[in-house]
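Beneath this line is the structure, given in structure tokens, with notes to follow.
Reminder, nothing fancy here: chain letters follow the sequence lines and each chain counts from 1.
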Amino acid sequence: MEPKDQPEHVLLDFDLLRKLVVGIGEVSDITGVPQRQIRYWEEKGIIVSSKDGEGGTRKYDYLNIKKILLVKELMDDGFTLDAAARKVEERMRSMSDVFAKLAGRTPRET
DNA sequence: GTTCTCACA
DNA sequence: TGTGAGAA
């Protein structure tokens, strides 16, 4: 009955996205990347995960997951870890810019 | 459930 | 580059 002309699309859950933090198990499941590989990438410094205070369990936020996803897709295109990492970081620069604008506030002082 | 190291291919 | 196993 009520034709919702309001496009409740994807670009409004950023608050949730920023708070979304999952463990390596979830990330490996959604990204399809084995946990060993995720740790491996982090070991190289390609991705950065936050650690939980009590167990040291890695926590990956939306940006981290996006990074892992991006690297996986890039490598699938024929890029290597280093090459993929470079492109991903370039893209992350745009992401942070958009995130900052959408967040309204940038808790970032360089 | 997660983490770390060592070693191998 | 990515994985195996064991151990905490």
Side-chain angles (χ1 to χ4, degrees):
Chain A
M1 310 10 176
E2 284 194 67
K4 329 161 53 172
D5 283 86
Q6 293 200 334
E8 45 174 270
H9 280 154
V10 227
L11 299 169
L12 297 171
D13 304 322
F14 275 91
D15 276 7
L16 186 70
L17 258 62
R18 280 193 115 205
K19 298 226 135 196
L20 224 182
V21 181
V22 293
I24 190 167
E26 289 291 306
V27 181
S28 64
D29 186 55
I30 58 186
T31 61
V33 179
Q35 300 157 19
R36 277 43 94 102
Q37 210 168 341
I38 297 174
R39 289 201 206 119
Y40 185 71
W41 293 356
E42 211 225 305
E43 203 177 339
K44 311 301 183 175
I46 285 127
I47 57 173
V48 185
S49 49
S50 311
K51 278 193 129 212
D52 206 86
E54 296 272 322
T57 48
R58 289 178 174 78
K59 298 294 197 181
Y60 298 89
D61 62 1
Y62 171 70
L63 284 167
N64 287 112
I65 300 168
K66 192 104 187 185
K67 215 168 172 174
I68 298 167
L69 232 64
L70 236 25
V71 174
K72 187 190 169 72
E73 299 294 299
L74 257 42
M75 291 179 82
D76 189 66
D77 254 308
F79 295 93
T80 183
L81 235 189
D82 190 72
R86 290 184 189 184
K87 293 214 160 204
V88 169
E89 286 191 46
E90 292 283 298
R91 235 168 234 233
M92 292 308 260
R93 295 203 171 241
S94 301
M95 296 286 304
S96 58
D97 185 62
V98 177
F99 255 65
K101 296 184 183 203
L102 285 166
R105 284 194 180 171
T106 333
R108 236 183 221 263
E109 302 106 39
T110 30

What are the two closest heavy atoms between A:Val21 and A:Lys59, and how far apart are they? CG1-CB, 3.2 Å

Shortest non-hydrogen contact from A:Gly56 to A:Lys51?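 Minimum heavy-atom separation between A:Gly56 and A:Lys51: O-CE, 3.2 Å.
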
How many Å lie between [atom1] on [X] and [atom2] on [N], as a whole number?
| X | N | atom1 | atom2 | result |
| --- | --- | --- | --- | --- |
| A:Arg36 | B:dT2 | CZ | P | 11 Å |
| A:Asp76 | C:dG2 | CG | P | 12 Å |
| A:Tyr60 | B:dG1 | OH | C1' | 14 Å |
| A:Ile38 | C:dT3 | CD1 | C1' | 14 Å |
| A:Lys59 | B:dT3 | NZ | C1' | 13 Å |
| A:Asp29 | B:dG1 | CG | P | 11 Å |
| A:Tyr40 | B:dT3 | OH | P | 18 Å |
| A:Leu74 | C:dT1 | CG | P | 14 Å |

How would you list, by chain and number, every residue that makes a side chain to side chain contact (heavy atoms under 4.5 Å, CB included) with A:Ala85, sequence neighbours excluded?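 Side chain to side chain contact (heavy atoms under 4.5 Å, CB included) check on A:Ala85 returns A:Ile46.
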
Using a cut-off of strictly less than 4.0 Å, decide whether A:Trp41 has a side-chain nitrogen or oxygen near OP1 or OP2 of C:dT1. no

Nucleotide nearest [X] when distance is taken to its side chain, options [options]:
| X | options | answer |
| --- | --- | --- |
| A:Thr57 | C:dG2, B:dT2, C:dT3 | B:dT2 |
| A:Lys44 | B:dT2, C:dT1, C:dT3 | C:dT1 |
| A:Gln37 | B:dT2, C:dG2, C:dA5 | C:dG2 |

Between protein and nucleotides 4-9 of chain B, map the contacts as a letter string: B base, S sugar-phosphate only, - none, heavy atoms under 4.0 Å, written 5' to 3'. S-----

Kindly indicate, with the supporting measurements, whether the criterion salt bridge (charged side-chain N to carboxylate O under 4.0 Å, His left out) is fulfilled by A:Lys72 and A:Asp76. CA-CA 6 Å; A:Lys72 187 190 169 72; A:Asp76 189 66; over 6 Å; no

Spacing of A:Leu81 atom CG and A:Arg86 atom CZ [to the nearest 0.5 Å]: 11.5 Å

Rounded distance [0.5 Å steps], OG1 in A:Thr31 versus NZ in A:Lys67: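 The NZ atom of A:Lys67 is 14.5 Å from OG1 of A:Thr31, to the nearest 0.5 Å.
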
Check A:Val27, A:Asn64, A:Ile65 against A:Ile38 for a side chain to side chain contact (heavy atoms under 4.5 Å, CB included) and give me the one that passes. A:Val27

